[in-house]
Amino acid sequence: MKNLYVVAMLAATLAGGTLESALAEAASKTAIKNVVLVHGAFADGSGWEAVAKILEQDGYTVSVAQPPETSYAEDVKYTKAAIDAMDGPVVLVGHSYGGSIITEAGNDPKVSALVYIAAFALDDGESCASIEQALPQASKAFKADSDGNWWIERAYFAADFAADVPPAVSHFMAQSQVPISTDSFTHKVTTPAWKTKPTWYMVATADRSINPEQERMMAKRAHAKTVEVNASHVAYMSHPKETAKLIEEAAAHASATQ
């Protein structure tokens, strides 16, 4: 009888262990732990460093896409490549012009949620240019060169783009800025992903590159969970903790509802 009891207890323990492992495996499959970060115009992916570090410390796998800003099609292609490289569902995050990119790239079936950081959440038939014309931004420092690429005049870069980061940082950003092509800025979006994907939005209330009222409008029509921060256009750099928190909220919500 004693031997039978030992066998029975062993079987129960093994069964429990198997069940526990199965539950753990199921949880790991449903938890969204992949994040793709997409930079905007005049910048590159290095600005996401602080946000990426926080996310990584919290257990997320982060990819920083590097769209070249040479054309809208190329920029979407580079972003989709970053999404495809992930091994599971993704939270897709875009800043500024990067919002225009994720609005179409976000239709990828791997994308479970969208997060816009002071970004263009465009509707069908809209472009970044049309949004700026409808309600202009404060900055007048955007200038085109002879090749149709747009720049921010260096003398105004800090005030109009990155007023709340250290001066040395904004100075180097002005030196290393990545120009955006006219095609990227004027391309009209089709099939916005925010119409079918859960969406979050961070409004930068001191933004001089996108009018904050336009940010609120785009967030509202996307039915986005919205937070506001007193920040310049580069809110993700000056408020990395708040940005990471919003991304993690999107990941948790998408994990619970998928």
Side-chain angles (χ1 to χ4, degrees), residues 35-52 62-80 82 92-106 114-122 126-132 137-139 141-142 149-152 156-158 160-165 169-170 172-174 176-187 189 192-194 199-204 206-212 214-215 218-219 222 229 231-240 243 246-247:
V35 178
V36 173
L37 305 171
V38 184
H39 67 77
F42 313 112
D44 62 23
S46 63
W48 286 111
E49 183 177 7
V51 173
V62 180
S63 176
V64 180
Q66 292 281 27
E69 302 175 40
T70 51
S71 74
Y72 187 74
E74 282 292 291
D75 296 339
V76 170
K77 182 180 78 173
Y78 274 75
T79 301
K80 284 185 173 180
L92 185 60
V93 186
H95 168 249
S96 188
Y97 165 65
S100 174
I101 298 171
I102 73 169
T103 296
E104 284 205 4
L114 302 169
V115 181
Y116 292 85
I117 308 298
F120 291 102
L122 303 177
E126 288 180 342
S127 67
C128 300
S130 66
I131 284 287
E132 298 277 47
Q137 76 282 9
S139 176
F142 300 102
N149 295 312
W150 290 79
W151 304 75
I152 300 177
Y156 301 98
F157 191 97
D160 287 358
F161 195 79
D164 53 355
V165 300
V169 174
S170 60
F172 184 72
M173 290 177 71
S176 62
Q177 65 178 291
V178 182
I180 184 172
S181 69
T182 297
D183 176 82
S184 297
F185 198 65
T186 60
H187 183 93
V189 162
W194 52 258
T199 302
W200 282 254
Y201 199 108
M202 177 179 284
V203 173
D207 199 331
R208 291 179 57 83
S209 293
I210 302 177
N211 193 307
Q214 284 291 57
E215 294 179 13
M218 290 185 284
V229 293
S232 74
H233 188 54
V234 291
Y236 66 108
M237 295 179 68
S238 60
H239 291 72
T243 301
L246 191 66
I247 294 167

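- Using a 4.5 Å heavy-atom threshold, the side chains of Val115 and Val35 count as separate.
- With rounding to the nearest 0.5 angstrom, the OG1 atom of Thr182 is 7.0 Å from the CG atom of Asn149.
- Counting only heavy atoms from C-beta outward, the side chains of Thr199 and Tyr116 approach each other to under 4.5 Å.
- At least one side-chain heavy atom of Phe142 sits less than 4.5 Å from a side-chain heavy atom of Ile152.
- Ring geometry, Trp48 versus His95: the interplanar angle exceeds 60°, so the pair is classed perpendicular (tilted spans 30 to 60°).
- Counting all heavy atoms, side chain and backbone alike, Ala235 lies closest to Ile117 at CB-CG2, 4.3 Å.
- Side chains of Ser181 and Asp183: a donor-acceptor N/O pair is absent below 3.5 angstrom, by distance only.
- One finds the CG atom of Leu114 at 7.0 Å from the OG1 atom of Thr103 (value rounded to the nearest 0.5 Å).
- Atoms OG and CE, on Ser46 and Met237 in that order, are 7.0 Å from each other to the nearest 0.5 Å.
- Contacts of Asp160 classified as salt bridge (charged side-chain N to carboxylate O under 4.0 Å, His left out), with partners at least two apart in sequence or in another chain: Arg208.
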| task | Decide yes or no on side chain to side chain contact (heavy atoms under 4.5 Å, CB included) for Ile247 and Leu37, but give the supporting numbers first. | result | CA-CA 10 Å; Ile247 294 167; Leu37 305 171; 4.0 Å; yes
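- The closest donor-acceptor contact from the side chain of Asp75 to the backbone of Ile101 lies at 3.5 Å or more, if one exists at all.
- At least one donor-acceptor pair under 3.5 Å links the side chain of Tyr72 to the backbone N or O of Ser100.
- Annotation: side chain of Phe185 is in contact with side chain of Glu132 (closest heavy-atom distance under 4.5 Å).
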Residues 63-70 side chain polar contacts: donor-acceptor under 3.5 Å, at least two apart:
unit_1 : atom_1 : unit_2 : atom_2 : d
Gln66  : OE1    : Gly45  : N      : 3.0
Glu69  : OE1    : Phe42  : N      : 3.2
Glu69  : OE2    : His39  : ND1    : 3.4

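- Between Ala50 and Pro240, the closest heavy-atom pair is CB-CB, 3.8 Å.
- For the atom pair OG of Ser170 and CZ of Phe157, the computed distance is 7.5 Å after rounding to the nearest 0.5 Å.
- Qualifying salt bridge (charged side-chain N to carboxylate O under 4.0 Å, His left out) partners for Glu104, counting only residues two or more places apart in sequence or in other chains: none.
- Residues Leu122 and Cys128 form a side-chain contact, since some pair of their non-hydrogen atoms from C-beta on lies under 4.5 Å apart.
- When side chains are defined from C-beta on, Gln137 does not count as touching His233, because their heavy atoms never get closer than 4.5 Å.
- The heavy-atom pair separating Leu92 from Ala105 by the smallest distance is CD2-C, 4.1 Å.
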